[in-house]
Undergrad: 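Just passing along the structure, written as structure tokens.
The structure presented is a predicted model; accordingly, all values stated were derived computationally and were not measured.
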Amino acid sequence: PSYSYHFAMECETLSSRYTKKYQSIACFAVLALIFATLNFNYAIWINAGHRDTSCFEIPGNEVLKTEPKQHTLHLIQCLSGNETGFIDEWEVNLKSAIVNAPLDADMHIHIIADAKASIAVNERLLAAKLSEAVWRNKLSITISNIESQKEAWMHHLGSLLPNQFDTRIGIGGYLRLFSYEVILKYIPRSEWEDLKTAVYMDTDVVVISGLNSLLSSLTNVVYARGRNEKGEVNYPLWIWGKNSGFMGMNIVDFHEFWGLLRNVLMNEAEVLGGSKDKVRSDQSFLGLVQEQYSEKVGDMPSPWSVHIGHGYRKSPQLLFDEKREAGILHFTGIDTGASYFSEEGTIKFCHRGRGCDASTEDAEKMDKSWGRADHYVKLPWHWVRFQAGVSAVRLGELGHNISITNYIVSEVGSIVPAANTTS
């Protein structure tokens with residue numbers, strides 16, 4: 001109001017001094033000066049540390065804070081073995097992630113793999129010819145061969161969880177819980193902030209929406225938690241929808257998980273009079289910790305928590321009927337043969353669901369929901385390189401070359417650069 005008053009007074013003064021011909025020009029100049037002053041004062045306010053209180057509304061989302069700015073989205077994949085169907089699933093997952101890479105942040109894909117999987121991954125990456133393209137933002141892939149750590153990690157699980165380690169899924173199902181031990185060794189400490197909202201994905205996940213939205217969603221989850229007693233951003237240890245196949249992970253602090261799990265198991269043993277012989281997966285362990293330490297866990301927003309095992313196993317076509325937003329499609333918990341994404345396509349999930357009839361309109365509903373994953377199954381790599389690479393580069397820019405790095409983790413836990421590294 002004071003600025004409006006002064007503006008009116010200045011224009012009245014100018015009106016008395018100048019002819020009518022120059023009055024509008026003079027008033028415009030005064031208005032421009034006022035706006036410049038406002039912008040200068042706002043800049044001072046920002047630099048004084050008030051910026052984290054500003055926010056804006058995005059339709060369909062909660063209030064999104066403008067800080068911290070995400071510089072890199074870190075995606076984590078964990079692989080054990082080289083069965084063709086399994087590696088095929090991983091390749092579909094990789095294509096979907098690259099095609100939907102965030103428009104406004106770099107992306108670093110971390111692949112934690114044993115010896116067999118490391119070889120298979122490098123062979124597929126070589127065939128994909130990703131180095132022949134340029135990319136909108138920086139794109140990095142790091143493959144860490146953790147073969148030397150498998151025995152030690154299995155021993156750790158066995159000692160902490162006697163008779164509960166699920167040998168049916170092997171160490172591959174637990175690698176995500178150890179991924180921080182590897183990733184923190186090659187990411188500079190100055191870049192650790194982005195690792196507090198890294199994202200783990202199973203190989204049977206297909207990304208179908210832009211990952212910019214995922215970054216915004218994770219930021220909303222973090223800021224909804226407020227700040228801790230030290231005034232710091234209160235990052236959760238992980239963010240999920242009760243399914244460990246797709247979850248945000250605070251890689252920097254995830255080592256705390258093991259201490260919390262140990263406390264939970266000790267309390268359980270006291271209550272039950274001894275440890276039960278129940279086989280538990282990594283997801284079970286995460287759930288146990290959340291039950292007693294819910295403040296350590298965040299809830300994954302609905303579009304990024306679409307799992308076929310969460311209400312869609314019997315009647316997968318219901319996803320279409322619900323008109324639910326989806327950022328990912330996670331094909332969980334059903335034996336589909338060699339691969340989730342074989343030539344038959346995702347209609348197989350309708351065939352195996354007792355409440356889905358592929359001879360009716362259910363088939364079309366499947367095609368328009370879970371069937372969207374088939375696009376990435378059929379998408380050839382040369383189209384990936386063009387659609388997600390060359391055609392996405394900003395006007396006037398040259399784009400970025402991909403960086404592919406291989407490490408071997410030694411028996412003592414140190415990392416050593418390996419062959420098959422390109423930049």
Undergrad: Report the C-alpha distance between Leu94 and Leu125 in whole Å, list the side-chain angles of each, state the deciding distance to 0.1 Å, and finish with yes or no for side-chain contact (heavy atoms from CB on, under 4.5 Å).
TA: CA-CA 10 Å; Leu94 179 68; Leu125 289 177; 3.7 Å; yes
Undergrad: For the pair Ser391 (side chain) and Phe386 (backbone), establish whether a donor and an acceptor sit closer than 3.5 Å, ignoring hydrogens and angles.
TA: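 Between the backbone of Phe386 and the side chain of Ser391 there is a qualifying donor-acceptor contact (under 3.5 Å).
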Undergrad: Closer than 3.5 angstrom, by distance alone: can the side chain of Ser217 be matched with the main-chain N or O of Ser213 as a donor-acceptor pair?
TA: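 Between the backbone of Ser213 and the side chain of Ser217 there is a qualifying donor-acceptor contact (under 3.5 Å).
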Undergrad: Can you list every pair that meets salt bridge (charged side-chain N to carboxylate O under 4.0 Å, His left out) and has a residue in residues 240-250, with sequence neighbours left out?
TA: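 As it turns out, there is no salt bridge (charged side-chain N to carboxylate O under 4.0 Å, His left out) pair with a partner in residues 240-250 once direct neighbours are skipped.
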Undergrad: Between Leu175 and Leu79, what is the shortest heavy-atom contact and its length?
TA: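 Smallest heavy-atom distance, with atoms named: CD1-O, 3.8 Å.
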Undergrad: Would you say the ring centers of His110 and Tyr200 fall short of 6.0 Å from each other?
TA: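 They do not qualify: ring centres at least 6.0 Å apart.
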Undergrad: Looking only at heavy atoms, which two atoms of Ile76 and Ala198 are closest? And how far apart?
TA: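 Closest approach of Ile76 to Ala198, heavy atoms only: CD1-CB, 4.0 Å.
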Undergrad: Is there a side-chain contact between Ile208 and Tyr376 in this structure, where contact means two heavy atoms from C-beta onward sitting under 4.5 Å apart?
TA: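 Yes, close enough: below the 4.5 Å cut-off.
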Undergrad: Could you tell me how the ring of Tyr186 sits relative to the ring of His108: parallel (under 30°), tilted (30 to 60°) or perpendicular (over 60°)?
TA: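 Rings of Tyr186 and His108: tilted, as their planes differ by 30° to 60°.
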Undergrad: Under 3.5 Å, is there a donor-acceptor pair between the side chain of Gln317 and the main chain of Tyr312?
TA: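 No, because the side chain of Gln317 does not come within donor-acceptor range (under 3.5 Å) of the backbone of Tyr312.
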Undergrad: Taking the side chain from Asn228 and the backbone from Gly231, do they hold a donor-acceptor pair closer than 3.5 Å?
TA: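 Such a contact is found between Asn228 side chain and Gly231 backbone.
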Undergrad: From Ser244 OG over to Leu177 CG, what is the distance, rounded to the nearest 0.5 angstrom?
TA: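 Here the rounded value is 8.0 Å.
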Undergrad: Does Asp204 offer a backbone N or O that forms a donor-acceptor pair with the side chain of Asn93 under 3.5 Å?
TA: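 Not at all, since once roles are kept as given, no pair shorter than 3.5 Å links the two residues.
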Undergrad: Kindly compute the distance separating CG (Leu130) from CH2 (Trp381), expressed to the nearest 0.5 Å.
TA: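 Rounded to the nearest 0.5 Å, the CG-CH2 separation comes to 5.0 Å.
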Undergrad: Please check if the side chain of Ser159 supplies one atom and the backbone of His156 the other of a donor-acceptor pair under 3.5 Å.
TA: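 Yes, the answer is positive, given that a donor and an acceptor are paired below the 3.5 Å cut-off.
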Undergrad: Check step by step if side chain to side chain donor-acceptor pair (under 3.5 Å) holds for Thr72 and His74.
TA: CA-CA 6 Å; Thr72 302; His74 292 273; 4.8 Å; no
Undergrad: Output yes when a side-chain donor or acceptor of Ser96 lies under 3.5 Å from a complementary backbone atom of Val207, and no otherwise.
TA: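 The answer is yes, because a donor-acceptor pair under 3.5 Å joins these two groups.
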Undergrad: Could you label the plane-to-plane angle of the Tyr180 and Phe254 rings as parallel, tilted or perpendicular, counting under 30° as parallel and over 60° as perpendicular?
TA: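 Tilted: the ring planes of Tyr180 and Phe254 meet at 30° to 60°.
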Undergrad: Quick one: list whatever passes salt bridge (Lys or Arg N to Asp or Glu O under 4.0 Å) with Glu91, sequence neighbours left out.
TA: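 With neighbours one apart ignored, the set is Arg124.
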Undergrad: Within the side chain of Asp374, is there an N or O that forms a donor-acceptor pair under 3.5 Å with the backbone of Val377?
TA: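 Side chain of Asp374 to backbone of Val377: no pair is present.
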Undergrad: Mind jotting down which residue pairs meet the salt bridge (charged side-chain N to carboxylate O under 4.0 Å, His left out) criterion with at least one end in residues 384-411? Sequence neighbours excluded, please.
TA: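 Qualifying pairs: Arg394-Glu397.
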Undergrad: Just say parallel, tilted or perpendicular for the rings of Trp238 and Phe257, cut-offs at 30° and 60°.
TA: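 Correct class here is perpendicular.
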Undergrad: To the nearest 0.5 Å, what is the distance between CD1 on Ile415 and CG on Leu184?
TA: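 If we round to the nearest 0.5 Å, Ile415:CD1 and Leu184:CG are 10.5 Å apart.
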Undergrad: Ignoring hydrogens, what is the shortest heavy-atom contact between Asn100 and Ser209? Give both atom names and the distance.
TA: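 Scanning both residues, the minimum pair turns out to be CB-O, 3.3 Å.
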Undergrad: Under the side-chain contact (heavy atoms from CB on, under 4.5 Å) criterion, do Phe246 and Trp240 qualify, and how do the steps go?
TA: CA-CA 7 Å; Phe246 189 90; Trp240 71 338; over 6 Å; no
Undergrad: Could you walk me through whether Leu195 and Ile183 pass side-chain contact (heavy atoms from CB on, under 4.5 Å), step by step?
TA: CA-CA 9 Å; Leu195 286 173; Ile183 295 172; 4.0 Å; yes
Undergrad: Not counting sequence neighbours, list each pair that qualifies as a salt bridge (charged side-chain N to carboxylate O under 4.0 Å, His left out) and has a residue in residues 283-296.
TA: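 Those involving residues 283-296 are Glu256-Lys296.
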Undergrad: Distance check, rounded to the nearest 0.5 Å: Thr203 atom OG1 versus Trp90 atom CH2?
TA: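 Rounded to the nearest 0.5 Å, the OG1-CH2 separation comes out at 10.5 Å.
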Undergrad: For the residue pair Lys196 and Val233, establish whether any side-chain heavy-atom pair is separated by less than 4.5 Å.
TA: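 Answer no - side chains too far apart.
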Undergrad: If you count every heavy atom of other residues, nucleotides or ligands that lies below 6.0 Å from Glu364 atom CD, does the total exceed 12?
TA: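 Open.
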Undergrad: My understanding is that only residues two or more places apart in sequence, or in another chain, count here; which of them pass ring pair (Phe, Tyr, Trp, His ring centres under 6.0 Å) with Phe320?
TA: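 Phe320 satisfies ring pair (Phe, Tyr, Trp, His ring centres under 6.0 Å) with no other residue.
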Undergrad: What's the spacing between Ser281 OG and Leu286 CG if we round to 0.5 Å?
TA: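 Here the rounded value is 8.0 Å.
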Undergrad: Working to the nearest 0.5 angstrom, can you tell me the gap between Glu191 CD and His71 NE2?
TA: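 Output value for this atom pair is 10.0 Å.
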Undergrad: Would you check if the side chain of Lys185 reaches a backbone N or O of Glu181 as a donor-acceptor pair within less than 3.5 Å?
TA: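 Yes; judged by distance alone, with no hydrogens or angles, the pair exists.
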Undergrad: Looking at every heavy atom in both Ser305 and Met300, which two are closest together, and how far apart are they?
TA: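 Closest approach of Ser305 to Met300: CB-CG, 4.3 Å.
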Undergrad: For a quick test of reading the model, state the closest non-hydrogen atom pair linking Lys116 to Asn82 and the distance between them.
TA: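 Between these two residues, the closest heavy atoms are O-CB, 3.8 Å.
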Undergrad: So, for Gly298 and Val221, which heavy atoms are closest and what is the spacing to 0.1 Å?
TA: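 For Gly298 and Val221, the tightest heavy-atom pair comes out as CA-CG1, 4.3 Å.
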Undergrad: Enumerate the residue pairs fulfilling salt bridge (charged side-chain N to carboxylate O under 4.0 Å, His left out) with a member in residues 133-158, sequence neighbours excluded, ordered by first and then second residue.
TA: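 Passing the test, one end in residues 133-158: Asp114-Lys150, Glu147-Lys150.
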Undergrad: Is the gap between the ring centers of Trp258 and Phe285 under 6.0 Å?
TA: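 Aromatic pair excluded; centres sit 6.0 Å or further apart.
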Undergrad: If you count the non-hydrogen atoms of other residues, nucleotides and ligands that lie under 6.0 Å from CD in Gln292, is the total more than 12?
TA: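 Atom CD in Gln292 is crowded, with more than 12 foreign heavy atoms closer than 6.0 Å.
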Undergrad: Quick check: does any side chain N or O of Asn137 sit under 3.5 Å from a backbone N or O of Leu103, one acting as donor and the other as acceptor?
TA: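 Side chain of Asn137 to backbone of Leu103, a donor-acceptor pair under 3.5 Å: yes, one is there.
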Undergrad: Decide if atom CZ of Arg262 counts as having more than 12 heavy atoms of other residues, nucleotides or ligands within a radius under 6.0 Å.
TA: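 It does not: Arg262 CZ has 12 such atoms or fewer within range.
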Undergrad: Given the rule in the side-chain contact (heavy atoms from CB on, under 4.5 Å) test, do Leu75 and Leu73 qualify, once you have shown the distances and angles that lead to the verdict?
TA: CA-CA 6 Å; Leu75 297 181; Leu73 171 62; 4.0 Å; yes
Undergrad: Side chains of Asp104 and Asn212: do they bring a donor and an acceptor to under 3.5 Å?
TA: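 Judged by distance alone, the side chains do pair up.
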